[in-house]
> 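A single structure is presented below for examination.
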Amino acid sequence: MPSVVKINVLTVPEEQREVLEKRFASRAGAVEGSDGFEWFELLRPVEGTDTYLVYTRWRSEEDFQAWMEGPMKAAHQRGGEDAPQQRPAASGSTLWSFEVVQQAGPKQG
Ligand code: HEM
């Protein structure tokens with residue numbers, strides 16, 4: 001079974017970039033311990049777009065769904081002390097799903 005890639009595409013207005021990155025800098029860090037989790041990257045747009053990509057890779061669709069139903073909810077609750085007046089930094093989001101068909105890394109040695 002191939003791994004699956006789930007990318008959350010966040011539309012982030014210029015003036016909200018710092019807020020978003022700070023939130024990720026203080027993220028829950030729970031995803032690392034989730035069953036089937038393989039990789040996470042927060043990708044900042046360099047040019048021509050206002051969309052950040054939250055790249056995640058999972059062993060299976062089931063592992064991703066299990067994370068969505070439990071740990072993800074906790075990780076997305078803004079329960080911190082600065083929470084009450086917090087508004088989402090992103091003005092929109094879309095979930096992209098992929099299967100890994102091929103992959104490669106650098107040659108070893
Ligand atoms: C309404 C849609 C979503 C928005 C606006 C959003 C935004 C955010 C933000 C601002 C954070 C930083 C921590 C926080 O503020 O709670 C975060 C954490 C995270 N988000 Fe989302 N998110 C959404 C849905 C999703 C989905 C569907 C995925 C699946 C790919 C995802 C993947 C992650 C991951 C992996 C973290 C880090 C969690 C951890 O450290 O345990 N997000 N998200």
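Whatever order the structure lists ligands and atoms in, that order sets their numbers, starting from 1.
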> Using distance alone, decide if ligand 1 has a nitrogen or oxygen within less than 3.5 Å of any nitrogen or oxygen in Val31.
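Yes, at least one N or O pair falls under 3.5 Å.
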> Salt bridge (charged side-chain N to carboxylate O under 4.0 Å, His left out): which pairs involve residues 59-69, sequence neighbours left out?
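Output for this query lists Lys6-Glu61, Asp35-Arg59, Arg59-Asp63.
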> Do Met72 and ligand 1 have an N or O pair less than 3.5 Å apart?
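Checking ligand 1 against Met72, no N or O pair falls under 3.5 Å apart.
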> Below 4.0 Å from any atom of ligand 1, is there a heavy atom belonging to Pro88?
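So Pro88 does not count as touching ligand 1.
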> For ligand 1, indicate whether the residue Trp96 contacts it via side chain, backbone, both or neither (heavy-atom separation under 4.0 Å).
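It is neither; nothing of Trp96 touches ligand 1.
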> Could you grab the distance from atom CZ of Arg17 to atom CG of Leu10, nearest 0.5 Å is fine?
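Here the rounded value is 12.0 Å.
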> Does the residue Tyr55 have a heavy-atom contact with ligand 1, meaning some pair of atoms that are separated by less than 4.0 Å?
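No; Tyr55 lies far enough from ligand 1 that no heavy-atom distance drops under 4.0 Å.
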> With heavy atoms under 4.0 Å as the rule, classify the contact between Leu10 and ligand 1 as side chain, backbone, both or neither.
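The side chain, only.
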> Side chains of Val54 and Phe24: does their closest heavy-atom pair fall under 4.5 Å?
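Contact flag for Val54/Phe24 side chains = yes.
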> Test your reading of the structure: does Thr56 have an N or O sitting under 3.5 Å from an N or O of ligand 1?
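There is no such contact.
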> Please identify each residue that fulfils side-chain contact (heavy atoms from CB on, under 4.5 Å) with Glu21, with sequence neighbours left out.
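Result, side-chain contact (heavy atoms from CB on, under 4.5 Å) vs Glu21: Arg44, Tyr52.
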> Evaluate Ala30 for polar contact with ligand 1, using N/O atom pairs at a separation under 3.5 Å.
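Yes - when backbone and side-chain N and O of Ala30 are compared with those of ligand 1, one distance drops under 3.5 Å.
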> Any nitrogen or oxygen of His76, side chain or backbone, less than 3.5 Å from one on ligand 1?
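N/O-N/O distance below 3.5 Å exists for this pair.
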